[in-house]
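Report on the structure given below.
Because the structure is predicted, anything quoted here is derived from the model rather than measured.
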Amino acid sequence: MVIENGTAPVFHVEVQDMSGNITTDKNLTVTCKFPGLPTDLMYLLDCSASGCGNITGDPVLLKKVKDNHKLKALFEVPNKKDVSAVERTLVVTPSNSISHIEVKQEENKKQRILKQGESIMGKAGDVISGLTLVLYDEAGRAVTIDEKIFPKIKVNWIAKLNQEMVLSGNLPPIKVPASVSDLKYCQVAIHDKSNVEFSFTVKFRDQHGNPSGTGYSGKVKVEICGPDDVTEVPCFVGGSKTLDIALNNGTCVLNNLTIQENAPGLDCQEYRLRCEVLCSLIPKNKSIPALEIPFLFYNDAKKQSQMSQLSKQRDNLQKVINTYHSLFDTTDLLTKELQTSVKEALQEEDQIKEELRKLRVSMHQLTSIENVEKMIEAKTLEKERCLQMKRRSCGLPQLSGNPEVIGKIGHLAEIADPDIARVLSWHMSSDIDCVVTKTTKSAKDVYKQTNGKQQVLPLDSIFKKTLPDWNKPLPHTKYRTGWRPPGNPSYARDFLEFPQHKQECQTVFGMLLGDTLILDDLDSANAYRQEIVKFTHCPTILTREGDRIRSNGKFGGLMNKAVPIEKLKGAVFGEPLNPQYKEAESIVETLQRFKVAMQKTSKAKEELKDQSSYIELPEMKSKRKECQDAEKQLIEVEKKLGMTSSRSRTPQVNTTPPQATPSKRARLSSQTPVNGAETTPTPSPQFTPTRQSKRLASMTPTMEDGRKKLRKT
């Protein structure tokens with residue numbers, strides 16, 4: 001038998017005596033196991049009454065099936081040791097559902113494949129186009145994007161996709177953020193049998209001080225500024241207080257800036273070099289803040305030498321303090337992230353608890369993971385008991401070995417109500433053995449294999465425009481509003497349940513049954529028909545008692561009376577699983593998610609506890625004291641430099657805007673770039689952070705669920 005990965009095989013089983021005849025016995029249960037599966041999967045079929053039937057169950061689900069995979073199906077009768085086991089081969093083919101997304105970007109007239117989570121760069125306010133989309137199934141085969149797949153494709157940077165664009169394999173353009181602080185998180189998702197996602201980010205220039213202003217040229221205006229109450233301001237050589245320096249592709253280097261000899265200025269006064277970018281491409285409402293570089297002015301050479309030494313000492317202390325503050329900031333940020341993780345995990349638990357309450361599960365029994373596991377085990381046993389319960393099954397033999405064959409009509413639908421199952425099985429007796437195929441070609445193959453004895457129905461030969469609306473109201477509601485006819489009229493199709501291939505089954509049964517109605521008895525059926533024909537055509541009516549009134553009004557006689565179900569010789573619609581099975585299955589699935597959520601909460605709490613313990617370690621407290629000592633030294637040095645500190649915290653040497661998360665190391669340069677990038681500070685040996693401190697300081701940002709989080713490296 002050949003099946004597609006993610007579907008359930010259906011085997012026809014017969015228990016035979018020594019002469020090959022179908023036999024029955026008490027407690028005659030057939031089991032089907034799959035020894036090659038990574039998880040335990042077992043089907044059960046009660047053959048005590050019938051001796052035969054179709055055995056099926058949960059779908060076979062293998063991971064990463066890229067080629068045909070063979071499994072063994074082992075059939076046994078556990079309580080009959082003298083009955084030999086039977087083995088069959090099951091071939092699992094790769095699923096044709098979408099399992100991988102590939103996004104490409106056009107660069108220099110070539111297509112480059114983007115990696116998951118990759119960041120792509122662009123000019124501020126510009127548009128990135130040339131993005132293409134390729135979808136692959138489980139076997140790595142490219143999937144054609146058509147009208148059926150298009151509605152399942154979602155992107156998060158545009159509200160409505162252009163169908164023509166996507167069908168041709170193109171993605172809509174993306175506008176690059178206009179601000180350095182903006183980061184656009186882009187995601188392409190396919191909502192099919194399982195959700196498949198691909199994400200990447202788009203940004204203007206990175207937040208680590210690395211140049212990314214390609215194409216941005218103009219000039220940088222450099223001006224010497226002082227406090228508002230200071231009138232004496234030094235000037236550059238030549239007597240000017242301003243200089244214009246060329247900006248080329250977002251980069252401007254300030255080299256050998258010299259102050260005019262005997263220039264005005266107050267001794268020991270702090271002045272600033274104010275650098276302002278002037279570029280026509282930068283929007284006025286998105287202008288780059290000016291960079292200000294402080295410096296001290298002295299008019300005495302010896303004093304200047306002394307002040308220079310103090311300035312170096314100050315710079316070293318600032319670097320040490322900045323390193324410690326980076327460590328403390330990272331530690332605090334990690335603590336907040338862990339607190340958020342605990343909060344989110346508890347929220348997820350609460351959501352699943354609400355689902356369990358709706359399923360009438362008592363929450364006081366689920367106070368621990370062990371209790372949850374016990375309930376999962378109990379509900380799993382309940383599922384197995386439901387599977388072993390005796391139920392009606394279709395006894396028609398199945399065709400196997402062709403994935404293009406959907407199945408016989410008798411196997412495609414299940415009916416819970418025994419009276420409805422009897423009358424519909426009889427009414428459709430001429431069609432119930434018909435094999436439904438996906439294409440006419442596969443229908444011809446079945447026809448040839450059976451020497452023309454098997455009737456077939458290809459889906460691609462059905463004219464779908466005349467099929468009835470599956471959800472349309474009953475005929476009387478249109479012509480007699482408010483009338484409540486006796487006999488409980490319903491469409492026959494409303495009693496059908498489709499375990500698989502729902503869309504294809506609705507097409508087949510919509511064509512074969514049309515608007516066939518079912519009422520309780522013949523009198524109610526005739527009365528209903530008499531009212532309907534006053535206004536419109538009345539479809540065929542069946543009754544629970546087994547009568548049929550044809551669409552032309554004819555009823556009575558043997559041809560319009562259903563035979564007992566035993567005389568149909570297995571050519572009947574099967575009975576769906578007990579509702580208790582579906583409820584138990586839903587509870588098991590929800591409990592498994594609840595167990596995972598509890599484990600996630602427990603892990604998050606443990607990590608937060610460890611982090612809180614780390615903060616209270618003597619080593620960490622020692623680091624904070626070392627930082628405080630360095631800050632005191634800095635205050636003393638600044639006093640000697642004649643500087644006054646009005647800040648609550650030591651100034652940061654890096655002049656880039658503060659970021660939400662620790663940034664990666666900036667590019668090293670001996671020059672002073674306009675964007676204010678700075679080399680990583682190296683503290684003096686006596687203030688070197690410990691190995692564990694460095695571990696915390698080397699947190700790296702990562703994208704998860706559309707927002708930035710920290711990841712330990």
Side-chain angles (χ1 to χ4, degrees), residues 10-14 22 45 49-56 391-400 402 404-438 442-443 446-447 449-450 452-459 461-462 467-468 470 490-518 539-548 550-551 558-576:
V10 182
F11 298 96
H12 182 73
V13 176
E14 293 181 356
I22 296 176
L45 177 66
S50 61
C52 65
N54 293 323
I55 185 169
T56 186
R391 58 192 177 103
R392 177 184 358 99
S393 61
C394 180
L396 296 172
Q398 286 203 352
L399 288 178
S400 60
N402 188 349
E404 292 294 306
V405 174
I406 295 176
K408 289 188 175 180
I409 287 174
H411 295 136
L412 298 182
E414 294 175 338
I415 303 172
D417 190 303
D419 294 329
I420 305 296
R422 170 199 165 209
V423 71
L424 269 181
S425 299
W426 163 77
H427 176 66
M428 299 183 69
S429 58
S430 61
D431 299 313
I432 202 166
D433 189 51
C434 179
V435 172
V436 179
T437 64
K438 293 182 179 179
S442 53
V446 174
Y447 179 82
Q449 290 168 8
T450 59
K453 295 179 181 179
Q454 176 64 59
Q455 57 176 337
V456 290
L457 174 61
L459 280 173
S461 69
I462 296 176
L467 293 177
W470 204 263
S490 299
Y491 285 119
R493 56 176 174 262
D494 293 340
F495 295 93
L496 303 174
E497 295 183 29
F498 305 122
Q500 298 181 56
H501 310 290
K502 182 176 179 180
Q503 186 175 351
E504 291 86 350
C505 290
Q506 285 185 342
T507 299
V508 171
F509 284 88
M511 181 197 68
L512 295 175
L513 282 176
D515 289 331
T516 299
L517 298 167
I518 290 184
T540 296
I541 300 178
L542 304 174
T543 72
R544 292 176 179 273
E545 296 176 348
D547 297 292
R548 175 170 60 193
R550 296 183 181 272
S551 59
L558 293 177
M559 295 299 294
N560 291 310
K561 186 70 175 179
V563 299
I565 198 167
E566 295 79 15
K567 291 191 177 182
L568 294 175
K569 299 180 180 179
V572 296
F573 290 107
E575 183 179 351

Does the pair V572 and R422 meet the rule for a side chain to side chain contact (heavy atoms under 4.5 Å, CB included), with working shown?
CA-CA 7 Å; V572 296; R422 170 199 165 209; over 6 Å; no
Can you list the steps and then say if V13 with N54 is a side chain to side chain contact (heavy atoms under 4.5 Å, CB included)?
CA-CA 6 Å; V13 176; N54 293 323; over 6 Å; no
Carefully, step by step, assess I409 and L396 under the rule side chain to side chain contact (heavy atoms under 4.5 Å, CB included).
CA-CA 10 Å; I409 287 174; L396 296 172; over 6 Å; no
Residues L412, F509; criterion side chain to side chain contact (heavy atoms under 4.5 Å, CB included); working and verdict:
CA-CA 10 Å; L412 298 182; F509 284 88; 4.1 Å; yes
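No side-chain heavy atom of I518 sits under 4.5 Å from any side-chain heavy atom of D494. Proximity of L467 to Q506: side-chain heavy atoms (C-beta onward) are nowhere separated by under 4.5 Å. When side chains are defined from C-beta on, E404 does not count as touching T437, because their heavy atoms never get closer than 4.5 Å. At least one side-chain heavy atom of I406 sits less than 4.5 Å from a side-chain heavy atom of L459. Two residues are said to be in side-chain contact when any heavy atoms from C-beta on lie closer than 4.5 Å; R392 and I565 meet this criterion. Put simply, the side chain of D515 reaches to within 4.5 Å of the side chain of R493, judged on heavy atoms. You'll find the side chain of S551 reaches within 4.5 Å of the side chain of T540, heavy atoms only.
A search for side-chain contact (heavy atoms from CB on, under 4.5 Å) contacts involving Q454 returns K408, D433, V435, V446, T450, V456, not counting sequence neighbours.
M511 CE to D431 CG: the interatomic distance, rounded to the nearest 0.5 Å, is 7.5 Å. Distance check, rounded to the nearest 0.5 Å: OG of S393 to CD of E414 gives 10.0 Å. Taking OG1 of T56 as the start and NE2 of H12 as the end, the distance is 14.0 Å to the nearest 0.5 Å. Annotation: the span from L542 atom CG to W426 atom CH2 amounts to 7.0 Å, rounded to 0.5 Å. From S429, atom OG reaches atom CG of L424 across 11.0 Å, with rounding to the nearest 0.5 Å. Atom-to-atom distance recorded for F573:CZ and L496:CG is 6.5 Å, nearest 0.5 angstrom.
A side-chain donor-acceptor contact under 3.5 Å links Q455 to the backbone of S430. Side-chain atoms of T507 come within 3.5 Å of backbone N or O of Q503 as a donor-acceptor pair.
Heavy atoms of other residues, nucleotides or ligands lying less than 6.0 angstrom from CZ of F498 number more than 12.
For S425 against A571, the heavy-atom pair with the smallest separation is CB-O, 3.9 Å. Residues D419 and D417 share a closest heavy-atom pair of N-OD1, 2.9 Å. For the residue pair F495 and S490, the shortest heavy atom distance occurs at CE1-CB, 3.8 Å.
Under the side chain to side chain donor-acceptor pair (under 3.5 Å) criterion, the residue pairs touching residues 559-569 are D547-K561, R548-N560, R550-N560, with sequence neighbours excluded.
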